[in-house]
Amino acid sequence: MKKTIYTTAFLISLCIALSGCSSRPNEESMDTLISRVFSLAGKQYAAMSRNLGEGKFPRTFEGGDSLVTSDCKYWCSGFYPGSLWYIYEYTRNDSIRVLADKYTKMLDSRKYSTANHDIGFQLNCSYGNALRITGDSCYREPLLTGARSLATRFNPIVGCIRSWDFVRKGCDWKFPVIIDNMMNLELLNVASDLMKDPGLMQIAESHANTTMKNHFRKDYTTYHLVDYDPENGAVRSRQTVQGYSNGSAWARGQAWGLYGFSMMFRQTHDAEYLRQAENIARMLLKRLPDDGIPFWDFDDPAIPNTVRDASAGAIMASALVEIASQTKNKSLGKKCLEMAVKQLRTLAGSDYLAKEGENGGFLLKHSVGSKPGNSEVDVPLTYADYYFLEALLRYKTYITND
Ligand code: GLY
């Protein structure tokens, strides 16, 4: 697996950038904040495991008393084991490692799934982190088999992996690709490195290049869904499913794009991907509200009288910390890091972070699954917690590398 190499020059410039993010008098230091969140996370996630039925994964918590669960096929099933691995990475608590291993291995059968693109989320967050953190080769094979399964959805004429096989009522999609799909490319890159076979990474690069060309508007906001003609690769339509309108900037979609291109730069070293991530970051830095947490869609005319999406804020924070470590533009890097810190401080504050014993064991409140679908609006979600923990770990890693 390729790893980011931190040069001395980078570390020096990051330190300078960080000096702009240091705590104000009486403000909690980031070290203390990170320790506080991981201590809470260990307790919340262990408690949550005691309320999960056999074979079940957490999905959300509703009505103040109901833990909603899923089976392993749901697109989010990898986030719970993934968060457990992050908690283990920080705390080195062996009982958390036992849980992380158990919930990871409950996903083994996903490696054969060719039904949609979500296998990347499912396997890379779980098995990918397990292998990275422990180095235990028992976690290797599901990543390789899973990546081959994902690659079966690639169409070389389109140049993309097909996201979904279902067709939404009223639509006539032939080959729908959603911006979220950028996240699944990490599994291909990880497997490509493990196998020393460039073929899977070439698929990831083709998908990212095609997405860069067809998903983005001139202002670097992204459409949610692009439908292609699988016979000739032509774009048939550009739409939304989870956003306010076809032309709007759905917050989590912008977050997936930001993260996806920064991840592609880390794994391929192709500067075009960093350029794309930097341009998306510039757009977000202009549009994010003062506390850093986006409303669910940047273009909802009801803003500010509508809901925030903590999950989008957490994904952006994780990506912005990484972009701060990647960009050669010191001014942009400083702004990215300052925004990420702002987002992390907001999420770790009492408006968003649950108290111990509350929120069904989840960490963050106030995320949005699908507002147009009236599904999971203003609730805790596994992926908000996962990217929040990841962002905190990335922040810590980058500082302590100095
Ligand atoms: N499909 C993943 C999401 O809702 O962002």
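Atoms within each ligand, like the ligands themselves, are counted from 1 in listed order.
Residue contacts with ligand 1 for W250 involve side-chain atoms from C-beta outward but no N, CA, C or O (heavy atoms, distance under 4.0 Å).
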Determine, step by step, whether S311 and D309 satisfy the side-chain hydrogen bond (donor to acceptor under 3.5 Å, both in side chains) criterion, reporting the C-alpha distance in whole Å, the side-chain angles of both residues, the deciding distance to 0.1 Å, and the verdict.
-> CA-CA 5 Å; S311 77; D309 181 7; 2.7 Å; yes

Should Y74 and R59 be marked as a side-chain hydrogen bond (donor to acceptor under 3.5 Å, both in side chains) after you check the CA-CA gap, both sets of side-chain angles, and the distance that decides it?
-> CA-CA 9 Å; Y74 187 54; R59 182 170 166 166; 3.2 Å; yes

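Comment: K174 does not engage E231 in a salt bridge, judged by the lack of any side-chain N to carboxylate O separation of less than 4.0 angstrom.
Residue contact check for ligand 1: F121 places no non-hydrogen atom closer than 4.0 Å to it.
The protein atom (non-hydrogen) at minimum distance from atom 5 (O) of ligand 1 is R252 NE, 2.6 Å.
Between W250 and W296, the distance from one ring center to the other does not fall under 6.0 angstrom. Checked against the 6.0 Å centroid criterion, the rings of Y86 and F388 do not qualify as a close aromatic pair.
Of all atoms in ligand 1, listed by their number and element, those nearer than 4.0 Å to a heavy atom of Q242 are 3 (C), 4 (O).
Comparing V368, D180, N181, I179 by heavy-atom distance to atom 1 (N) of ligand 1, the nearest is D180.
Among the atoms of Y383, none of the N or O lies under 3.5 angstrom from an N or O of ligand 1.
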